[in-house]
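Structure, as C-alpha cells:
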Amino acid sequence: MTEKSTICLIGPKASGKSSLLASLTECVAQGAFGYSPRLRPALQPVTEGDFRAAATEIRPADFLAHEEGDYERLKRDFALGGVATDTLDTYEYYFRLTVNGEAPPAIVTPGPWLLEIVDSAGEIAVPPDGAEIPILNDVKTKLARQLLASEAVVLVLPLVRLEDSAWIGALTRFIDRLALAPDKKLRRLVVVFSQYERLFVRLGPSAFTYACDPAVAWHVLRKSLRAAQWLERLRALETGDGGASVRFTVASSYGFTKRFQNPNIDPHQPGERRFRRASLEEARASNEYWRPFLTAEPFLYAALGLDSAFTFSFAQLDARAPEKPAASILA
Amino acid sequence: MRKVVSTDNPPDAEASIAFRRLHYGKLADAVTGVVPPSEGYRVTRRTMDLDPELEGRLSPARLIGRRRFELDVVAPPARGLGCFVARMASADAMAMLRARFRPEDGENGGARLHHQSSVWVAAAEDWRRFPAACLSIAARQLRADPDPVDEAETTRLAEAPTRWRFRWITPDQAGSVLARASWGRAILEHFTTALESNDDAPLTFGSSDFASENDFLAAVGFALLYLPASYPRWDEISVVCGLEHPLPGVCLRYVSNVATDAALSAAA
C-alpha cells in the first residue's frame, strides 16, 4: 500500500524554506533528527512520473541510471550559497518515504509514502505588510489551489528578529483564511523556527550539546511564541471543524559541524557560507563538515503524524515545564 | 529620444522603434547594488500601456523555453552579463530578454543569488523590418540590472515607451555585407535548410566564429534584414546568447565556450 501526500512549504521570504527542503534528505541520511534511531526512515527523491504513477507502474529499469533532477539541482544551489526562489511559479519536489524500523503499526501500515512537497517564494503567500506587490503570472491562484489540496502545511519562520518582521500581518491573514477555508484537506500544520544554530554561535564546541536538548528547544519556542500575535489564530485552526493537528519545532539547515560541534556558519566567508575545506570541489568541500539539524522533523511529522522529541503541541508548550521526551537525538 | 548607429554603411534613412519594458527581480541600492532586506521579488518596471495579456507571455522562464529559470541554464561565460533571447512572444509582439542571477549583497558579493531580468517588447512588424537595429540596440543597452530602490513606484510602473531612432540600411546593402562574410553564407544556408522540414533547426556559434556576443548579434541582424518578409518560418526564429540549450524552431545561438556546429568551416 502506498499513501500519497502533498505538503506545502509556506513562510516569509528568506526564512529558509528552500534551504530546509534542500537539507531534508541529508538530515534523514545522517539521522540528525529527534526521532528514535530505531525508526530508521529512508527518503529518496523520485520523479513526478513516479509520484503520479501507481506503484505497479514505477519503472524498475532505470534504478541504476543517474539523472540530475530538480531536487539535486536544489541541493547543488544550496551548496553554492543558495538562490532566492522566484515568484514565477511554485515548484514541486517528489520523494518516497519508507519507515524501516520500529514504529506504531497505525503509523507504519499506510506506508510507504509518496510525498509531493510544494516550495514557493515567500512573496506569494506571506508578502510584506502594506504593499501590493506586482508579480508576474497568476501564480497566487496556483498556490491557493495547492494549499487547499494539501494534507499538510509546513510554516517556516526565521527564529531571529521576529519582533521587527514586516510579514506578521500577512501571516495572520494567511492563517485566518486557511482556518476558514471550508474545502481544505489539511490534517497537519507544523510551525518550524529556522536558523536555530544562530542561538548558539557563542557556545563554540558546546553548541551542539545544548541544541540537542529538547528542553532548550521547548524554552526557545515558548519565548519566541510569547509575543506572536498569530498564535491564537493557529489554535482556531486546531480546534475548528475537522481541525488540523498543530506542532511547533526548530530546525537548522546549516546545522552544526561534524567533529567540532559548533554552528556551521563560517565567519570568514563572504555572505553566509558553511565551513568548507578549500582543497576540495564545491559540493564535497561543504559536505565534509555538514550535519543539518532537525530539518527532517517537520516533513516526517507532516507525513506520518508521528511526534519526535523536538515536536511540541500547544498542550506541551502551555505546560509549566517540558515533558520528558520519549526519544532524543542523543540516544 | 536616443540614437543608435547600427552600421558603418552610409545611411539611407532614419527610422525609429518603440520598446515597452518589463523588469522582474528585486530593487537595489543604486550605488552599491545591495538589495535591502525588505525587498522581495516583484515587477520592478513596467511600461504603462503594456498589454496585460501579453505580460503573461513575458515570463523569463517561458521565453527561455524552460519551466524554471535556473543557474545552469546560463553558460558559465555568460553568467556575469546574463543570457539573451530575442523571439516572438505573440503574433503581434517580439520580446528581447536579458536575464541572470546576481548576489543580493552587490555585484561582487557572496550572499545568496537572486534572479534579475529585463524584457523589452517591440511590435512584430518592427522586428521584421528592423531586426539589425533591434539586436544592435539590445546588444548595447539591454541589461539585467536591478532598478533603484529610491525611484518612485509611480515612475517605475507607469513609464512611457522608450523610442529609439537609428539609421538603417537596406536589405540589398545587408546582402552585400553577407556575401563578403563566411558567417553570412552559413546563416543564410541554415535558413534555407530549415525550410526543408518543420523540425527544430538550431545553429550554434562559438568564440571561434565571433569574438563577442555583440559581433554575433550584428551578424545575425544583417542576415535577418536580408531575409524576405515572406520567409515561412520567420515567426519561429529566435536569437540566443549564453543559453546552454537552443530554443525550439529556427534558433541561432552563440555560446562562447561550446564546440560550434562548424557552421563557418562547412560554409567556407
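For clarity, every value in this text was computed on a predicted model and none was experimentally measured.
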Leu88(A) backbone acceptor or donor facing Tyr41(B) side chain under 3.5 Å: no

Residue selection (most heavy-atom pairs with chain A, distance under 4.5 Å) from Gly56(B), Ser59(B), Pro103(B): Ser59(B)

Separation between NZ of Lys13(A) and NE2 of His114(B), rounded to the nearest 0.5 Å: 11.5 Å

Chain A contact via Arg57(B) - which portion, at a heavy-atom distance below 4.5 Å: neither

Under 4.5 Å from any heavy atom of chain A - which part of Glu55(B): both

Straight-line distance of Arg68(B) CZ to Asp86(A) CG, nearest 0.5 Å: 6.0 Å

Glu107(B), CD: over 12 other non-hydrogen atoms inside 6.0 angstrom: yes

Chain A contact via Leu157(B) - which portion, at a heavy-atom distance below 4.5 Å: side chain

Part of Thr44(B) lying under 4.5 Å from any heavy atom of chain A: neither

Other residues, nucleotides, ligands: >12 heavy atoms within 6.0 Å of Arg79(B) CZ: yes

Shortest non-hydrogen separation from Ala84(A) to Lys26(B) and the atoms involved: CB-NZ, 3.9 Å

Whether over 12 other heavy atoms sit under 6.0 Å from Asn108(B) CG: no

Inter-residue atom distance Leu71(B).CG - Arg76(A).CZ, 0.5 Å rounding: 6.5 Å

Proximal component of Glu39(B), with respect to chain A [non-hydrogen, under 4.5 Å]: backbone

Shortest non-hydrogen separation from Ala14(A) to Arg112(B) and the atoms involved: CB-NH2, 3.5 Å

Chain B interface, residue from Asp77(A), Asp70(A), Thr87(A) that has the most non-hydrogen pairs under 4.5 Å: Thr87(A)

Arg67(B) with Glu92(A): basic N within carboxylate O range, under 4.0 Å: yes

